[in-house]
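Just so it is clear: chains get the letters A, B, ... in the order the sequence lines come, proteins before strands, and each one is counted from 1.
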Number of protein chains: 2
Amino acid sequence: MAPPLYQVVMNTIVDRIASGSLPSGAMLPSETQLGAELGVSQGTARKALMELEARGLVQRVQGRGTFVTVRTPETSLFNFFRLRNPDGTLESPRLEWETVRRRAATPGERAELFGRPESVIEIERVRSLAQRPVTHEVSVVSAALFPGLADRVPLPNTLYVFYQQAYSVIIVRADERLSAQAVSEASAKALGVPAGTPVLEVRRRAIDVLDRVVELRSSQSLTDQHDYFVSVS
Amino acid sequence: MAPPLYQVVMNTIVDRIASGSLPSGAMLPSETQLGAELGVSQGTARKALMELEARGLVQRVQGRGTFVTVRTPETSLFNFFRLRNPDGTLESPRLEWETVRRRAATPGERAELFGRPESVIEIERVRSLAQRPVTHEVSVVSAALFPGLADRVPLPNTLYVFYQQAYSVIIVRADERLSAQAVSEASAKALGVPAGTPVLEVRRRAIDVLDRVVELRSSQSLTDQHDYFVSVS
DNA sequence: GAGTGGTCTAGACCACTTT
DNA sequence: AAGTGGTCTAGACCACTCC
């Protein structure tokens, strides 16, 4: 019934991070201090911090301390933008254009997104690699969870860093479904390729540190000059 | 310089598993026994076992013990065959046909595969889902590492379980590069689809518990009725 | 009841970073 | 020198499985 103490400690820290009281890059209390503060032993505080590091929420450095993981555009791209050059290197994509609009949620979006929103914000973007449009993507988030987002265009290049800094919504993982399709009419126009071109379609559910589905994203990418990299185990 | 004791314990166990002296499903010594045997404390033995569990190499059950992870065709498919129904469920693919041949390694295969083999074994297969051919795949392994493999046709449905049982080669993870392509001539014939059909191409490097690249696999799949599922973080 | 892993504590020493 | 995380130990008690 009662959760182990180290999980209580973990939840305490997660809440502090999600509430913004421990902002990105902040140093956490030492193992000894944390244990004293929460009434557990140093070893138990240590176990909690190690689990949080395994989840990627904090980073620990011997001799320096434990810090809330900093998500920069670079690290965010590395984790969530998986198109790579044939040799495996990552090239930063360029944002060609975007449109942001508010609209009513579809029944499917209501069912999948956290909070069952009536109203959503849709972000449509085209990204380029090597001077060439390669990805056309449409992201959808709850309007209630991201108030005023539509008024902040142009949005930063990496949305997940922006979600964290402006709304304390921390994306930690995503489920993706991939398929090869003939390019859609909209994407053909956006990418400037003929009808029938094969594209990699990715449908993503992005999940935050509180385990909520906070964004749905669908993209179509040209993969004649780049590959989508992934590791399975 | 000196590795921590728990890593020494880990390596000892990995070697026992890789050598077959701890076969699939075998029970490991208890934390106390293992510590006594290797001259470390129970806590250190415990840490080693927990790390191995995190890597998926062993499974621990309270009250029962620690066991070498059993890889069944089901668990292997679940991990390494990522095509799923639209609702996310996994349907077991049927092996339609296979051909196995021995041939000289290409320069690229020599460079990538463990042991720089001169000679490789190539396994070509077509798999079906719902009575319909969906995947055409070609796997390549070192002939030296898998002696006599070509003489054992027909091979079992799930190669990675077979590698482990017959050769003590334990595949633990794989790197994959995905792209959307127009179907190749060979795959079009194998899958019975017209030229130009978009297919999901996956190029895989399979890596074993000793961190060796032991198999290269390239596949083309129809994804009009199934999706490739993956989780990123 | 005996044996297993899971949690928790208390303390020690080491390696590293910073002042 | 002080403070941090990393390793290691020894012991306790709990929860669970099996006989």
Rounded off to whole Å, could you give me the CZ-to-P distance for the A:Arg60 and C:dC16 pair?
16 Å
Close side-chain approach of A:Leu49 and A:Ile13, heavy atoms under 4.5 Å:
yes
Where A:Leu83 and A:Leu129 come nearest, the two heavy atoms and their spacing:
CB-CD1, 4.4 Å
Under a criterion of less than 4.0 angstrom to any heavy atom of chain B, what are the 5'-terminal and 3'-terminal contacting nucleotides of DNA chain D?
D:dT7 to D:dC18
Give me each pair satisfying salt bridge (charged side-chain N to carboxylate O under 4.0 Å, His left out) with a member in residues 85-95 of chain A, each pair once, sequence neighbours excluded.
A:Arg94-A:Glu96
The complete set of salt bridge (charged side-chain N to carboxylate O under 4.0 Å, His left out) pairs with one or both residues in residues 51-71 of chain A, sequence neighbours excluded, reads A:Glu31-A:Arg60
Tell me which of A:Gly43 and B:Thr66 sits closer to the 5' end of DNA chain C, going by the nucleotide each one is nearest to.
B:Thr66
Among pairs that include at least one residue of residues 5-16 of chain B, which meet side-chain hydrogen bond (donor to acceptor under 3.5 Å, both in side chains), considering only residues two or more places apart or in two chains?
B:Arg16-B:Glu37
How are the rings of A:Tyr167 and A:Phe146 set relative to one another: parallel (under 30°), tilted (30 to 60°) or perpendicular (over 60°)?
perpendicular
Quick check against the 3.5 Å criterion: does B:Glu98 have a side-chain atom that pairs as donor or acceptor with the backbone of B:Leu155?
yes
Sorted by chain and number, sequence neighbours left out, ring pair (Phe, Tyr, Trp, His ring centres under 6.0 Å) with B:Phe80 holds for B:Tyr160
Considering every strand and a 4.0 Å limit on heavy-atom distances, what is the contact class for B:Thr32: base, sugar-phosphate, or nothing?
nothing
Could you list, one pair per line, each protein nitrogen or oxygen that sits under 3.5 Å from a nitrogen or oxygen of nucleotides 17-19 of chain C, together with the distance?
residue, atom, partner, partner atom, Å
C:dT18, OP1, A:Arg64, NH1, 3.3

